[in-house]
Amino acid sequence: MSELHEPLLEWYAAHARELPWRGPGATPWRVMVSELMLQQTPVARVLPVFEAWVERWPTPADLAAAPVGEAVRAWGRLGYPRRALRLHAAAVAVVEHHGGEVPGSYDDLIALPGVGDYTASAIASFGFGGRHAVLDTNVRRVLARAVGGVEHPGPSVTRAERDRAEALVPGEDDAPTWAIAVMELGALVCTAASPRCGDCPVATQCAWLAAGRPAYDGPARRGQAWAGTDRQVRGRLMAVLRDAPGSVSPDRLAEAWPEPVQRERALASLLADGLVVRQEGRYALPG
DNA sequence: CAATCGTGGAG
DNA sequence: TCTCCAAGATT
């Protein structure tokens, strides 16, 4: 136990947000749904979609029995709609291979569609009380600063970084709370752009603060282009399909993105992903 | 390892 | 207005 644990656990006890995938009602299924939705997506935007989702599909079997297109529609504007396909596929896998119960082991979890290292660790930890290093962008940033003394972690997780994170995981009883506490600190205090070091419970232990908060000096962090990209076009097309009760004509899609070459390329990729199906010359969400 | 994949709020 | 970026995964 480093000097970080006690103040951080204490801070979390006092400042944790009440979220519907935390607390006593946090079933593994709710944790799993929340984690998929939270990938690269802010909490505030997830909340309403999550509530509607678990209300409609209270168990993996409920979702698995629904048409995958309904999952895509219910995903709404959360972004990265392939996650809806993967969550649906994961529910099917849970029913087929795990008797309808979300598995609790890291190995079983990471084998599910849409579940990578972070999500498997998070579900095993928050849903089952397991002891895992949970390395999300928040945890990486907090440890980069507090322990590493730099403003931002590198572009990908290094071996040393993982070792450092694992060395900090406390005993079984505190491991899940430690993980969520570090994440929460990164989300609320040790934020990327303008950290509130004055409110930080581990400010006196922070190597980055002690060094005078030196500016990031690593490889350039690539921004995400957006305007005019295929992603934007895919988003436009998906919005049309989500909002339509049934299938739509090619003309409707053309209105969403008049330029034909890029539109067709985006549409082809959506078909390849299984986010869209073709029906008699028209297009729709999958059945 | 690097590219790809949405969305919209915040600064 | 425009850049940044938010509980990543997959190829």
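Keep in mind that this is a model prediction, so the values were computed, not measured. Below, chain A is the first sequence line, B the second, and so on; all start at residue 1.
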Counting any heavy atom closer than 4.0 Å, what does [X] reach on the DNA or RNA strands: base, sugar-phosphate only, or nothing?
{"X": "A:G223", "value": "nothing"}
{"X": "A:P81", "value": "sugar-phosphate"}
{"X": "A:A44", "value": "nothing"}
{"X": "A:V115", "value": "sugar-phosphate"}
{"X": "A:T137", "value": "sugar-phosphate"}
{"X": "A:L78", "value": "base"}

Measure from [atom1] on [X] to [atom2] on [N] and round the result to the nearest Å.
{"X": "A:Q224", "N": "C:dT3", "atom1": "CD", "atom2": "P", "answer": "13 Å"}
{"X": "A:L19", "N": "C:dA7", "atom1": "CG", "atom2": "C1'", "answer": "11 Å"}
{"X": "A:W75", "N": "B:dG8", "atom1": "CH2", "atom2": "P", "answer": "14 Å"}
{"X": "A:L87", "N": "C:dT10", "atom1": "CG", "atom2": "P", "answer": "12 Å"}
{"X": "A:W226", "N": "C:dA6", "atom1": "CH2", "atom2": "C1'", "answer": "15 Å"}
{"X": "A:Q40", "N": "C:dT10", "atom1": "CD", "atom2": "P", "answer": "13 Å"}
{"X": "A:N138", "N": "C:dA6", "atom1": "CG", "atom2": "P", "answer": "7 Å"}
{"X": "A:Y80", "N": "B:dC5", "atom1": "OH", "atom2": "P", "answer": "9 Å"}

Please confirm whether the backbone N or O of [Y] pairs with a side-chain atom of [X], one donor and one acceptor, at under 3.5 Å?
{"X": "A:R263", "Y": "A:V233", "result": "no"}
{"X": "A:E264", "Y": "A:P260", "result": "no"}
{"X": "A:R82", "Y": "A:L275", "result": "no"}
{"X": "A:R73", "Y": "A:R242", "result": "yes"}

Protein-nucleotides 9-11 of chain B N/O pairs under 3.5 Å:
none

Side-chain N,O ([X]) to OP1/OP2 ([N]) below 4.0 Å:
{"X": "A:R141", "N": "C:dA6", "answer": "yes"}
{"X": "A:S156", "N": "B:dC1", "answer": "yes"}
{"X": "A:Q39", "N": "C:dG8", "answer": "no"}
{"X": "A:T119", "N": "C:dA7", "answer": "no"}
{"X": "A:R234", "N": "B:dT7", "answer": "no"}
{"X": "A:R242", "N": "B:dT7", "answer": "yes"}
{"X": "A:R82", "N": "C:dT10", "answer": "no"}

For [N] versus [M], give the span between their [atom1] atoms, rounded off to a whole number of Å.
{"N": "B:dT7", "M": "C:dT11", "atom1": "C1'", "answer": "23 Å"}
{"N": "B:dC1", "M": "C:dG8", "atom1": "C1'", "answer": "16 Å"}
{"N": "C:dA7", "M": "B:dA2", "atom1": "C1'", "answer": "23 Å"}

> Toward the 5' end of DNA chain B, which comes first, A:G235 or A:V157, by nearest nucleotide?
Replying inline: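 That would be A:V157.
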>> For A:Y80, run the side-chain hydrogen bond (donor to acceptor under 3.5 Å, both in side chains) check against A:Q40, A:Q39, A:R231 and tell me which one passes.
In response: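 Among A:Q40, A:Q39, A:R231, the one meeting side-chain hydrogen bond (donor to acceptor under 3.5 Å, both in side chains) with A:Y80 is A:R231.
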Ion pair check, [X] and [Y], cut-off under 4.0 Å:
{"X": "A:E151", "Y": "A:R213", "result": "no"}
{"X": "A:R234", "Y": "A:D230", "result": "no"}
{"X": "A:E184", "Y": "A:R22", "result": "yes"}

> Got a second to check how far A:L168's CG is from A:H5's NE2, nearest 0.5 Å?
Replying inline: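 The NE2 atom of A:H5 is 5.0 Å from CG of A:L168, to the nearest 0.5 Å.
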> Which residue lies toward the 5' end of DNA chain C, A:D117 or A:A192, if each is placed at its nearest nucleotide?
Replying inline: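 Its nearest nucleotide being more 5', the pick is A:A192.
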